[in-house]
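Side chains included, hydrogens not; waters and symmetry mates left out as well; all remaining heavy atoms used. For ligands, and for the atoms within them, numbers begin at 1 and follow the listed sequence. Bear in mind that the values here come from a model prediction, so they are computed numbers and not experimental data. When a residue number appears, it is its place in the shown sequence, counting from 1.
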Amino acid sequence: MTNVSIRVRFEAGHRLPQLPGKCHNLHGHSWQGWITVAGTMNDQDVVVDFGELKAALQRWVDQNLDHGMLLGAEDEWAARLVDGGLKVFRFGEHRLARDLSWPTVEAVAELLSRVAAEIVGGYTTPLRVARVVVQETENNRAEVAP
Ligand SMILES: Nc1nc2c(c(=O)[nH]1)N=C([C@H](O)[C@H](O)COP(=O)(O)OP(=O)(O)OP(=O)(O)O)CN2
């Protein structure tokens with residue numbers, strides 16, 4: 001098995017009203033996600049084409065997260081912002097995040113691992129998501145190893 005990794009990036013706001021301190025305020029981050037996929041090299045000596053995999057992941061991220069607000073479905077601001085016509089990704093509601101309640105960096109890492117699993121599941125060659133690392137700030141990141 002060989003691991004290959006690609007990076008996706010997006011700008012998004014969130015808030016964590018379930019935690020004490022400053023993070024209950026609406027605030028934004030430049031998020032980065034490293035997605036590592038494991039597979040066997042083909043006769044061209046690649047596990048998966050980087051460009052193809054990155055484009056598929058970045059497309060999902062751009063459509064669903066980029067320049068949006070990531071909020072918990074229970075967050076009172078979610079309905080207000082949706083009513084105002086703003087882009088909101090709701091944890092606890094989206095098909096891939098129903099069991100994730102709040103937009104923590106841990107939950108975003110889990111979400112991206114599920115998105116990546118669906119994408120690699122569509123390839124004809126056997127691939128699996130080995131690791132997802134999401135960085136929220138220079139100091140904070142979360143890692144999921146599905
Ligand atoms: N386990 C988690 N803890 C926290 C998360 C999280 O997603 N998972 N998120 C936050 C906030 O989003 C916050 O923006 C980041 O927290 P913090 O490190 O306190 O903020 P800074 O990076 O700006 O650090 P400074 O030391 O204040 O510069 C909080 N906790």
Enumerate, atom names and distances included, each donor-acceptor pair closer than 3.5 Å involving a side-chain atom of residues 123-132, sequence neighbours excluded.
| from | atom 1 | to | atom 2 | distance (Å) |
| --- | --- | --- | --- | --- |
| Arg131 | NH1 | Glu143 | OE1 | 3.3 |
| Arg131 | NH1 | Glu143 | OE2 | 3.3 |

Check: Any idea which residues sit under 4.0 Å from ligand 1, heavy-atom distances?
Finding: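 Ligand 1 is contacted, at a heavy-atom distance under 4.0 Å, by His14, Leu16, Leu19, Lys22, Cys23, His27, His29, Thr104, Val105, Glu106, Glu136, Thr137, Asn139, Asn140.
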Checklist line | Reported CG-to-CH2 distance for the pair Leu16 and Trp102, which is rounded to 0.5 angstrom | finding: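 Rounded to the nearest 0.5 Å, the CG-CH2 separation comes to 8.5 Å.
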Check: Going from CD on Gln58 to CD on Gln63, what distance comes out if it is rounded to the nearest 0.5 angstrom?
Finding: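 Reported value, rounded in 0.5 Å steps: 11.0 Å.
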Check: So does Arg80 pair up with Glu76, basic N to acidic O under 4.0 Å?
Finding: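 A salt bridge links Arg80 with Glu76.
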Notebook entry, point to check: Between Arg59 and Asp66, is there a salt bridge with N-O shorter than 4.0 Å?
Noted result: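 Between Arg59 and Asp66 there is no salt bridge, as every charged N stays at least 4.0 Å from the carboxylate O atoms.
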Margin query: Over 60° means perpendicular and under 30° means parallel, so tell me whether Trp31 and Phe10 are parallel, tilted or perpendicular.
Written below: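 The arrangement is parallel - the two ring planes meet at less than 30°.
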